[in-house]
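Presented below is the structure to which this report refers.
Nothing fancy with the numbering, it's 1 onward along the sequence.
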Amino acid sequence: MHVRAKMYDPILSKSFSQHERKRLGVSALILCLVFALSICSTFKNRMHPLPMIGDGVDLDVSVNAAEDFILIDIEKGKSSKPIVNNDSNSQTSIGTNENRVQIMNTSAIISQQTVGNYTNLPISTSETGENVPVVNVTNVISRPPEIETKKVEPICRVQETMADYCEMEGDIRIQPNSTTIYLVTPPSNTPNTTNSWTMQPYPRKGIPYVKHWTVKWVSDEDVNVPKCTQNHTLPAMLFSLGGFSGNYFHDFADLITPLYTTSYRFKRDVHFLASDYKSFWVAKFQGLLEKLTVHEIVAIDKEKQVHCYDKLVAGLIYNQELRIKPVLGKSNEPSMGNFRRFLRKTFSLERKSAIRLKARDGTRPRLMVITRKRTRILTNEGEITGVARKLGYEVVLAEATSSSNMSRFAQVVNSCDVLVGIHGAGLTNMVFLPDNAVLIQIVPLGDIDRFAKLDFENPSGDMNIKYLDYKIRENESSLSEKYGKDHPVLRDPSSFHRNGWEGLKTIYLDNQNVTIDVHRFKETLAKALKLLRH
């Protein structure tokens, strides 16, 4: 190197002075630096100081440790500031003025490429007013950037009331002899996770006498999938007539009301597929069912064909006993008010509102007493009706038996302003009362107040019905004579609740009669009159 420098010195010295040669060297150095910086700027985004996740990087990194290194440029021109969130369940806004995201530590860098795999991110607003994508830090760290995961919504789920509910569209095949529903899709659309569910199409979970159905999400390449033998263009609803059907309260709470709620959107143009079919039940409620669907109800369990649909609902939308959860701001959606209007139209009920009493106008409100002949008998009905008449009521006695003509009975109930009865299925007839009528529930002994509240008190408000209860005392119950006042049946009802529903039912519902204290009950009847005046 020294020899070459000597050889070139004479040539340079002939053309340039020593000062000029120094200036030339400095200029060449500056040009080289500018050229090098230009190259670095061009290829900056393609260079990584460390390998990307998935290229052999150790992923056993604490989420909290990674969050400690999140750097966010809040505003242009401001220095980056770390934002630390130690709540692993929360979401952290990550972004810069150029929508870049960097999670930095000694072993990994996650770039905008990773965040780009998240579609439809929720948006929050930064201090500068910019829209910043919200990313869950845990997911960002654990998911390789080159893999895009498509979120697949389950077609079956458990409702808030623990009832099974499935809703599906596409190539749907029902094979009754195996109680199996197939949702057939191309292999690319078949979920990699859960693709099979076992469900009971009844609004209460774990109830006996309800057949289990299997819903399977399968590929159209699966040779075991049955072929369609009967195709339909209409939607269908699959439900069970097992469980507690045949009990008047459960007929309305578990079936009629949920059937109305679930079928509302189809405007009667839907197939009802009844599992655990009961012909007597269909015959009893034929008038109501015809207003919910114009098609004949199919006893699906007995079918030999493979029925195919484009849309199917398995299970029923169920909110609570005799209640429908309204959709706020939408009057054309199912609600208890719309359901009661549906009943009035179905049974030709004339009265929309109860009587409004005025002072000394001679009007007599009608009071119906639901009588019982087998359990929870009201032993002194005569005395009660006598007191009611003295207060100014016109009294009607009626037994709501399963053989009653429902349309006729509904019209009688609708003609009344007050309905009185001991806790039981007969009070279900409150659905036919006019608006602003009064329900009086007589609550027996046995710490069953919560059942009384759930079954009748809570629904009354949704029905625009005024509610009163009369809780009997020990001397009004036949249990005090049978067991004595110091017996656990009277002193510790909760101990019998712990034995399960059957133990509670046997003692407090099936073997208890009531003899009302007429003078005390008179006060309740007087309160009902006041409610009718307001």
Side-chain angles (χ1 to χ4, degrees), residues 159-165 199-212 237-263 272 274-289 292 297 315-325 334 336 339-340 342-343 346 370 372 374-376 399-404 406 409-410 413 419 421-432 439 441 443-444 448 450-460 462-463 500-502 504-506 508-510:
Q159 301 180 82
E160 293 178 1
T161 52
M162 300 305 293
D164 293 324
Y165 182 80
M199 57 93 66
Q200 291 181 291
Y202 188 79
R204 298 177 192 270
K205 201 172 181 69
I207 300 300
Y209 313 115
V210 175
K211 196 175 266 89
H212 287 77
M237 287 169 44
L238 172 70
F239 58 93
S240 173
L241 289 178
F244 299 133
S245 63
N247 174 284
Y248 193 65
F249 171 78
H250 290 286
D251 288 340
F252 270 88
D254 299 1
L255 289 167
I256 297 299
T257 306
L259 278 171
Y260 168 83
T261 305
T262 311
S263 67
F272 279 6
S275 181
D276 307 301
Y277 187 87
K278 296 178 179 178
S279 57
F280 78 86
W281 193 93
V282 174
K284 179 177 181 178
F285 292 97
Q286 188 67 46
L288 277 171
L289 295 172
L292 297 175
I297 296 176
L316 298 174
I317 297 173
Y318 181 66
N319 300 132
Q320 273 186 4
E321 281 83 345
L322 296 177
R323 304 188 77 177
I324 298 173
K325 188 176 182 179
M336 209 62 206
F339 177 65
R340 281 173 36 87
F342 161 75
L343 293 177
T346 300
I370 299 291
R372 301 179 62 93
R374 290 176 296 177
T375 63
R376 280 157 281 159
E399 182 182 5
T401 64
S402 58
S403 59
S404 299
M406 185 179 299
F409 197 83
V413 175
L419 181 66
I422 298 177
H423 172 80
L427 293 182
T428 309
N429 289 289
M430 65 188 288
V431 297
F432 304 123
L439 174 68
Q441 178 175 201
V443 183
I448 63 171
R450 61 191 178 98
F451 300 113
K453 184 180 182 68
L454 183 68
D455 295 346
F456 301 111
E457 180 180 354
N458 289 346
S460 65
D462 296 345
M463 297 184 199
W501 170 254
E502 284 302 320
L504 180 155
K505 177 176 178 292
T506 300
Y508 297 107
L509 298 181
D510 293 346

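Within a 6.0 Å radius of NZ in Lys325, no more than 12 heavy atoms belonging to other residues, nucleotides or ligands are found. Within a 6.0 Å sphere centred on CZ of Phe280, other residues, nucleotides and ligands contribute more than 12 heavy atoms.
To the nearest 0.5 Å, atom CZ of residue Arg376 and atom OH of residue Tyr508 are 14.0 Å apart. For the atom pair Glu457 CD and Gln441 CD, the distance stands at 8.0 Å (nearest 0.5 Å). Note that CE of Met406 is 11.5 Å distant from CD of Gln286, once rounded to the nearest 0.5 Å. Distance CG/Leu509 to CD1/Ile448: 5.0 Å, rounded to 0.5 Å. For the atom pair OG1 (Thr428) and CG (Asn247), the distance works out to 7.5 Å, reported to the nearest 0.5 Å. Summarising the geometry, atom CG belonging to Leu292 is positioned 7.5 Å from atom OG1 belonging to Thr346; distances are rounded to the nearest 0.5 Å.
Shown here for Leu241 and Lys278, the closest heavy-atom pair between the two residues is O-CE, 3.1 Å. Looking at every heavy atom in both residues, Thr262 comes nearest to Gly315 through CG2-O, 4.4 Å. Tyr248 and Asn429 get closest at one heavy-atom pair: OH-OD1, 3.0 Å. In plain terms, the two heavy atoms of Leu454 and Pro459 that are nearest each other are O-CD, 3.5 Å. Of all heavy-atom pairs between Ala274 and Ile297, the closest is CB-CG2, 3.9 Å. Residue Arg323 comes nearest to Thr257 through the heavy atom pair O-CG2, 4.3 Å, listed as atom of the first residue, atom of the second, then distance.
Taking a cutoff of 4.0 Å between a charged side-chain nitrogen and a carboxylate oxygen, Lys453 and Glu321 do not qualify as a salt bridge.
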For Phe239 and Tyr318, run ring pair (Phe, Tyr, Trp, His ring centres under 6.0 Å): C-alpha distance rounded to whole Å, both residues' side-chain angles, the deciding distance at 0.1 Å, then the answer.
CA-CA 12 Å; Phe239 58 93; Tyr318 181 66; over 10 Å; no
Test side chain to side chain contact (heavy atoms under 4.5 Å, CB included) on Lys505 and Asp510 and set out the steps.
CA-CA 6 Å; Lys505 177 176 178 292; Asp510 293 346; 2.9 Å; yes
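Inter-residue side-chain proximity for Leu504 and Phe451 is flagged as met; some heavy-atom pair is nearer than 4.5 Å. Side-chain atoms of Tyr209 and Ser245, non-hydrogen and from C-beta on, never get closer than 4.5 Å to each other. Looking at heavy atoms from C-beta onward, Ile324 lies in side-chain contact with Tyr260 at the 4.5 angstrom threshold. With contacts defined as side-chain heavy-atom distances shorter than 4.5 Å, the pair Phe432/Leu419 does not qualify. Looking only at side-chain heavy atoms (C-beta outward), Lys211 and Ser240 stay at 4.5 Å or farther from each other. Residues Phe339 and Leu322 are not in side-chain contact: their nearest non-hydrogen atoms beyond the backbone lie 4.5 Å or more apart. Considering only heavy atoms from C-beta on, Ile422 comes within 4.5 Å of Pro444 through its side chain. Taking the side chain as every heavy atom from C-beta outward, Leu255 and His250 never approach each other to under 4.5 Å.
Remark: the backbone N or O of Gly246 is paired with a side-chain donor or acceptor of Asp251 at under 3.5 angstrom. At distances below 3.5 Å, not a single donor-acceptor pair connects side-chain atoms of Arg204 with backbone N or O atoms of Asp254. Within the 3.5 Å criterion, the main-chain N or O of Gln200 finds a donor-acceptor partner in the side chain of Asp164. With hydrogens and angles ignored, the 3.5 Å screen pairs a side-chain donor or acceptor of Gln159 with a backbone N or O of Leu316. A donor-acceptor distance shorter than 3.5 angstrom exists from the side chain of Tyr202 to the backbone of Phe244, with no hydrogens or angles considered.
Between Phe249 and Phe456, the ring centre distance stays below 6.0 Å.
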